[in-house]
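Data first, discussion second: the structure below is written as structure tokens.
Reckoned from all heavy atoms, side chains included, excluding hydrogens, waters and symmetry mates. What you see is a predicted model; the values in this text were computed from it and never measured.
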Amino acid sequence: MKTTISVIKADVGSVAGHGIAHPALLAKCEEILAKAKEEELLTDYYITNCGDDTELIMTHKQGEENKEIHELAFNAFMEATAIAKDLKLYGAGQDLLSDTFSGNIKGMGHGVAEMEFKERPSDPVVVFCCDKTEPGAFNLPIFRMFADPFNTAGLVIDPSLHNGYKFEIFDVMEHKKVIMNCPEEMYDALALLGSISRYVIKRVIRKDDNEIAAAISTERLNLMAGSYVGKDDPVAIVRSQSGFPAAGEVVEPFAFPHLVGGWMRGSHNGPLMPVGQKNAYPVRFDGPPRVMALGFQIADGELVGPADMFDDPAYDPARKQAAEIADYMRRHGPFEPHRLPADEMEYTSLPGVMEKLEGRFEDID
Ligand code: 13P
Ligand code: 13P
Ligand code: MG
Ligand code: MG
Ligand code: MG
Ligand code: MG
Ligand code: MG
């Protein structure tokens, strides 16, 4: 019998501004998921939040893209939205693009990462949750986990990893996907993955036996909604140990707080700061962007844990560096590369400014 892990998330309201999800929202989700567990639709669940995004981490036997599981999450977020509206939380129902469920939660504004596998004798899984950034934020760390031997020693020294992994890469602009093999096609894969707002890793699969290794939520809210309704704030599920990178190799890339798109008004580059749950609350200039890592052991579908993996003093230097980079980037004010290039900005006053200047632009001799 296989186990499915579904992580479904949405921002349905926060305190103050785009800060942190209110506990009443998590309590409502808890009530709904507890009932689903009692009715044996879910095997287990864990509810958390990264900043203003609420994450439902669920295990079950229904497989990926299951209507009942998606509807359960949809309903939980709808009911949480009703509370958010009562409390006049900021951005009540922000990510929900539709109030009627159509059979699959994809395309409705939520972020979704799911994987189904046959449990090993021991199955460690890490769930990453981000706030104030976009799915491409995972390109660099996921690539490093599964393809960079300077990150993952196992790629070199462990025969069970040595053959490498396949990366399923989505072109989110053209709605196309391609599967690329690493290490053979590493340079070609990086040519795509460096363009983080367009090419995003959806899945990683072990080449030896096609076993699922990682799944990432790739939904781009502004592309679905046609306008800015907040950043996507993605999640990822990564399996570790015994044929996968060790848990420590899975969290290692985040010791480098790389620059990602998001932060204030979804329109700025800033460092991705790895944080424990207690600090998953972006404040300064609505950031800097955050990522937290929850480690579980999956035991017959039960979620044993979590371990709050970035709540580790060894990540203090990364947090300090992220704070310093945040300072440095902020000093650019409205200038690139702090502010995103015009075509990637979620907000722009440029058309209005250009309209005002119509007739005042002259040819340069
Ligand atoms: P969220 O996507 O986290 O709601 O952020 C929106 C925003 O504009 C922050 O400044
Ligand atoms: P809403 O789209 O949720 O109103 O947020 C916009 C925003 O970016 C405020 O900083
Ligand atoms: Mg928000
Ligand atoms: Mg958010
Ligand atoms: Mg968001
Ligand atoms: Mg070991
Ligand atoms: Mg534990």
Side-chain angles (χ1 to χ4, degrees), residues 4-12 14 20-21 25-26 29 33 45-60 64-65 69-70 72-74 76-77 80 94-96 105-116 125-142 145 168 170 172 196 200-204 212-221 224 230-240 250-251 253-254 260-262 266 272-277 280-282 289-296 298 303 305-310:
T4 308
I5 305 180
S6 299
V7 183
I8 303 185
K9 51 101 11 192
D11 173 356
V12 292
S14 48
I20 191 163
L25 308 182
L26 277 70
C29 292
L33 266 50
Y45 65 89
Y46 182 79
I47 299 168
T48 190
N49 70 292
C50 186
D52 56 7
D53 292 270
T54 298
E55 276 88 17
L56 312 180
I57 302 169
M58 302 174 284
T59 52
H60 54 89
E64 291 177 37
E65 304 212 14
I69 298 294
H70 282 206
L72 173 70
F74 179 87
F77 284 118
Q94 172 179 291
D95 287 355
L96 310 186
I105 208 163
K106 282 187 181 167
M108 305 191 82
H110 313 67
V112 187
E114 294 184 292
M115 60 164 69
E116 185 186 30
V125 165
V126 183
V127 176
F128 292 97
C129 308
C130 295
D131 191 27
K132 304 297 181 269
T133 190
E134 56 192 20
F138 279 120
N139 281 7
L140 184 150
I142 295 278
M145 284 172 216
E168 185 179 298
F170 278 14
V172 292
I196 55 173
V200 295
I201 301 170
K202 179 66 197 176
R203 274 186 201 86
V204 182
I212 182 78
I216 297 104
S217 69
T218 50
E219 288 73 19
R220 288 293 312 271
L221 266 168
M224 293 189 286
K231 227 34 180 186
D232 324 296
D233 308 327
V235 291
I237 311 170
V238 181
R239 297 176 75 193
S240 79
V250 167
V251 290
F254 297 92
V260 298
L272 186 63
M273 183 187 270
V275 289
Q277 278 189 288
Y281 175 21
R290 306 285 152 119
V291 58
M292 59 187 220
L294 300 181
F296 296 96
I298 312 298
L303 289 161
D308 190 359
M309 297 177 81
F310 289 148

**Asked** Would I8 and F77 count as a side chain to side chain contact (heavy atoms under 4.5 Å, CB included) if you check the C-alpha gap in whole Å, the side-chain angles of each, and the deciding distance to 0.1 Å?
**Response** CA-CA 10 Å; I8 303 185; F77 284 118; 4.2 Å; yes
**Item:** Worked verdict on L303 versus Y46 for side chain to side chain contact (heavy atoms under 4.5 Å, CB included)
**Value:** CA-CA 8 Å; L303 289 161; Y46 182 79; 4.2 Å; yes
**Message:** Assess the residue pair F128 and V238 against the criterion (side chain to side chain contact (heavy atoms under 4.5 Å, CB included)); give the C-alpha distance rounded to whole Å, side-chain angles, the decisive distance to 0.1 Å, and a yes or no.
**Reply:** CA-CA 8 Å; F128 292 97; V238 181; 3.8 Å; yes
**Request:** Please step through side chain to side chain contact (heavy atoms under 4.5 Å, CB included) for the pair S14 and I20, ending with a clear verdict.
**Result:** CA-CA 5 Å; S14 48; I20 191 163; 5.7 Å; no
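Atom CG in L56 sits 10.5 Å away from atom OH in Y45 (nearest 0.5 Å). Once rounded to the nearest 0.5 Å, the distance linking CD of E55 with SG of C29 reads 10.5 Å. From I47, atom CD1 reaches atom CG of L26 across 6.5 Å, with rounding to the nearest 0.5 Å. A distance of 9.0 Å separates CG in L140 from CD1 in I201, rounded to the nearest 0.5 Å. The distance from atom SG of C50 to atom CZ of R290, rounded to the nearest 0.5 Å, is 8.5 Å.
Between L294 and Q277 there is a side-chain heavy-atom pair separated by less than 4.5 Å. The side-chain heavy atoms of M58 and L72, taken from C-beta on, include a pair separated by under 4.5 Å. Contact annotation: the side chain of T48 never approaches that of T54 to less than 4.5 Å [non-hydrogen atoms, C-beta and beyond]. Within the 4.5 Å cutoff, no side-chain heavy atoms of V200 are placed close to those of I216. Considering only heavy atoms from C-beta on, F138 stays 4.5 Å or farther from I196 through its side chain. Side-chain contact between P274 and M292 is absent, with no heavy-atom pair separated by less than 4.5 Å. With contacts defined as side-chain heavy-atom distances shorter than 4.5 Å, the pair V125/I237 qualifies. Looking at I57 and F296, their side chains come closer than 4.5 Å, going by heavy atoms from C-beta outward.
Side-chain N or O atoms of E114 include one that pairs as donor or acceptor with a backbone N or O of E65 at under 3.5 Å. A donor-acceptor pair under 3.5 Å links the side-chain atoms of R239 to the main chain of I212, judged by distance alone. No donor-acceptor distance shorter than 3.5 angstrom exists from the side chain of H110 to the backbone of A10, with no hydrogens or angles considered. Side chain of T133 to backbone of G261: a donor-acceptor contact under 3.5 angstrom is found. One N or O on the side chain of N49 and one on the backbone of G51 form a donor-acceptor pair closer than 3.5 Å. At least one donor-acceptor pair under 3.5 Å links the side chain of D232 to the backbone N or O of L221.
The shortest heavy-atom contact between P135 and R220 is CD-CD, 3.6 Å. When all heavy atoms of A113 and A215 are compared, the closest pair comes out as CB-O, 3.8 Å. Residues C130 and D233 approach most closely at O-CB, 3.4 Å, considering heavy atoms. Heavy-atom minimum distance, K132 versus P282: CG-CG, 3.9 Å.
Using a cut-off of 4.0 Å between Lys/Arg side-chain N and Asp/Glu carboxylate O, K202 and E168 are scored as not salt-bridged. For D53 and K9, the salt-bridge test passes: some basic side-chain N is under 4.0 Å from an acidic carboxylate O. The pair K231-D11 does not meet the salt-bridge criterion, since no charged nitrogen lies less than 4.0 angstrom from a carboxylate oxygen.
Checking M108, E219, K106 one by one against M224, the side chain to side chain contact (heavy atoms under 4.5 Å, CB included) holds for a single residue, E219.
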